[in-house]
Every structure is written in C-alpha cells, then in structure tokens.
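Beneath this line is the structure, given in structure tokens, with notes to follow.
The figures here come from the full heavy-atom set of this structure, side chains too, leaving out hydrogens, waters and symmetry mates. This is a predicted model, so every value here is computed, not measured.
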Amino acid sequence: DFEYRAFGSGDVDYLTVFRNIKRHRMDVVLSVSTHFRPPSGSRIEAMDINVANVKALTRQIETEVL
C-alpha cells in the first residue's frame, strides 16, 4: 500500500540529499508539493508541516562539519 508522507518521513533519505547539496556547494531551488494529508485533511497544515520539516533538515545540515 502506497501512502504519501510528510517531507522527510518517508523512504527518501533527505539528510543524505541535503548533505550532498552542501558538500558539492550546489545552488538549488527546492519545490515542495503537498500530496500527503495530515489527519485534519488540511492542505495548509500539510504545507506548514512540510516547510517546518525542510527547515529542520536544513538547520541540521548547516551545523554539521563535512
């Protein structure tokens, strides 16, 4: 069974993706699409969750020494 998940909570290893972006000093634009729905069903809440998760991953990577 396939189920959409919040950014960073599925099978994709975004920490590694973000680390590689940093390691290779890549300029990127990140677009987050919201297909997953939280229990409330709100697309706005889903996007708020995804943006918070992207920011948390970014902060984590920014503090790491590669």
Counting N and O atoms only, with roles assigned by atom type, does the side chain of Lys22 sit under 3.5 Å from a partner on the main chain of Glu64, one being a donor and the other an acceptor?
-> yes
Any side-chain heavy-atom pair from Phe36 and Ile49 closer than 4.5 angstrom?
-> yes
Smallest heavy-atom separation, Met47 atom then Val32 atom, equals CE-O, 3.3 Å
For Asn50 and Ser33 the tightest heavy-atom approach is ND2-O, 4.2 Å
Can you tell if the side chain of Leu57 reaches within under 4.5 Å of the side chain of Phe7, non-hydrogen atoms only?
-> yes
Check the surroundings of atom CG in Leu30: do more than 12 heavy atoms from other residues, nucleotides or ligands lie under 6.0 Å from it?
-> yes
So do Ser9 and Asn53 actually touch side chain to side chain, heavy atoms under 4.5 Å?
-> no
Which value, rounded to the nearest 0.5 Å, describes the distance between Arg19 atom CZ and Asp13 atom CG?
-> 7.5 Å
Straight-line distance of Arg25 CZ to Arg23 CZ, nearest 0.5 Å = 12.0 Å
NE2 on His35 to CZ on Arg43, rounded to 0.5 Å = 9.5 Å
Are Phe18 and Val28 side-chain neighbours, meaning at least one heavy-atom pair lies under 4.5 Å?
-> no
Tell me whether Tyr14 is reachable from Tyr4 by hopping between hydrophobic residues (I, L, V, M, F, W, Y) whose side-chain heavy atoms are closer than 4.5 Å.
-> no
Of all the heavy-atom pairs spanning Asn20 and Met26, show the shortest one and how long it is.
-> O-SD, 4.2 Å
